[in-house]
Amino acid sequence: MRYDYLIVGAGLFGAVFAHEARAAGRKCLCIDRRPHLGGNIYTVEKNGIQVHRYGAHIFHTSDRAVWDYVNRFAEFNHYVNSPVAVYGDELYNLPFNMNTFSRMWGIRTPAEAEAVIARQREEAAAALGSGRAGAEPANLEEQALSLVGRDVYEKLVKGYTEKQWGRSCTELPAFIIRRLPVRFTYDNNYFSDRYQGIPVGGYTQIAEKLLEGVPLRLGVTYGEFAAEKGNEGYAVRSREGDLFDKVVYTGMIDEYFDYCLGELQYRSLRFEEEVLEGCGNYQGNAVVNYTEREVPYTRIIEHKHFEFGTQPDTVITREYPASWSRGDEPYYPVNDERNGSLYQKYADLASKEKRVIFGGRLGQYRYYDMDKVIAEALKTVKAELE
């Protein structure tokens, strides 16, 4: 059989592209190396609770068109992300706001908080020496100190960030936290986007509806599925003999090219899931961050709180950052100068693949929020079908 598109990856990018292409009359087939669709937004029910299998996913956007689009496939509740941070015996609200500052310094007003942060910024600048006065922050530590001062950095940024990236903050680029949210209001809403929520009944239904009517092959890699690259007439032939005019590839771009220029760097994650029968409420919040470097996990997720659950049991997930090597799941690109330069070389190779479209966080080697993935997929498929 001949298809217009082979979609490699049943995550959001691939699913949206396939849905829109099929709606326009194109024939698509979608494959994924995981045994399920949905990519990292995959949710599964346990003890009546929708469990986010690959970490917490809170949908948020200021793009009304994307919000309207995703609401076609699920009903969203009014969940607001208000994580809590634990540092030793201390508990703080996130993002950094007046509740955080009041707990940390015993102050009440925005003016008091601004004064403390301003003083600590000046102290940090003085510690760098006169030769660096007015210079751009050279690393993440300097950036954080210039934004929030020493106390917030030491307790709530440093350990968590070093666990997440597996490197010292002095070795990480400043831009990683250039947009660190600091608010002088008593508002614990982590996101400032206009629209926010969790799909009632989990995220998997969205992928299922997007891919309705699209043939699927799950548990198979692109290398296992594809027999050979095509000639002028088609992009690839499958081992079953099917022909595909084009490929939409959402896997790792360096893997597609057999790492011919070297490996891009990624960070991985490990999830430790636990069902607590008879425990109706483990931590009182959906997301609790653990910011000390000595605590091996970065956060504990209690899934029932995403949908305001009242079940007699609960399910928690401890999230551990991990190094990445081939065969591991890549979650975060390491967007430093070395990897940015290497990615650009792969992007140059990709631009010469006239029958392959690279998309998503791995295909484009960038961290995407869910709304940005959807927007990019819609933009890509529109351009492709015009």
Open item on the list: Would you say the rings of F73 and H19 are close, in the sense that their centroids are separated by under 6.0 Å?
Closed with: yes
Open item on the list: Using a strict threshold of under 4.0 Å (side-chain N to carboxylate O), is an ion pair present between R64 and D68?
Closed with: yes
Open item on the list: Counting neighbours of CD on E228 that are heavy atoms of other residues, nucleotides or ligands and sit closer than 6.0 Å, is the number greater than 12?
Closed with: yes
Open item on the list: Please tell me whether F59 and Y195 form a close aromatic pair, meaning their ring centres lie under 6.0 Å apart.
Closed with: no
Open item on the list: Checking side chain to side chain contact (heavy atoms under 4.5 Å, CB included) between Y69 and each of T61, L378, D63, which is the one that passes?
Closed with: L378
Open item on the list: Taking the six-membered ring of Y92 as reference, does the cationic atom of R103 (NZ for Lys, CZ for Arg) lie under 6.0 Å from its centre and within 45° of its axis?
Closed with: yes
Open item on the list: Just checking Y256 against F358, ring centres under 6.0 Å apart?
Closed with: yes
Task: Pairs flagged by salt bridge (charged side-chain N to carboxylate O under 4.0 Å, His left out) wherever residues 316-330 is involved - sequence neighbours left out - done: R33-E329, R34-E329, E263-R326, E272-R318, E274-R318, R299-E319
Open item on the list: For F13 and Y368, I'd like to know if the aromatic rings sit close, meaning centre-to-centre distance below 6.0 Å.
Closed with: no
Open item on the list: For F271 and Y54, take the angle between the two ring planes, folded into 0 to 90°, and tell me which bin it lands in: parallel under 30, tilted 30 to 60, perpendicular over 60.
Closed with: perpendicular
Task: Heavy-atom side-chain proximity of D245 to R355 below 4.5 angstrom - done: yes
Task: Row check, Y320 ring normal vs R270 NZ/CZ: under 6.0 Å, within 45° - done: yes
Task: K209 NZ: over 12 foreign heavy atoms closer than 6.0 Å - done: yes
- [ ] Mark yes when over 12 heavy atoms from residues, nucleotides or ligands other than R108 sit less than 6.0 Å from its CZ; otherwise mark no.
- [x] no
- [ ] State, without any angle test, whether N281 and H305 hold a side-chain donor-acceptor pair at a distance under 3.5 Å.
- [x] yes
Open item on the list: For the aromatic rings, using the six-membered ring if either is Trp, is the centroid distance between Y266 and Y365 under 6.0 Å?
Closed with: yes
Task: Short side-chain donor-acceptor distance under 3.5 Å, T109 and E112 - done: yes
- [ ] For the residue pair H57 and Y203, categorise the inter-ring angle as parallel (less than 30°), tilted (30 to 60°) or perpendicular (more than 60°).
- [x] perpendicular
Open item on the list: Side chains of D193 and S62: any donor to acceptor distance under 3.5 Å?
Closed with: yes
Open item on the list: Please confirm whether the ring centroid of W324 lies under 6.0 Å from the ring centroid of Y332.
Closed with: no
Open item on the list: Between F308 and H78 (judged by ring centroids, cut-off 6.0 Å), do the two rings come close enough to count as a pair?
Closed with: yes
- [ ] Assess the pair F225 and F244: is the distance between their ring centroids shorter than 6.0 Å?
- [x] yes
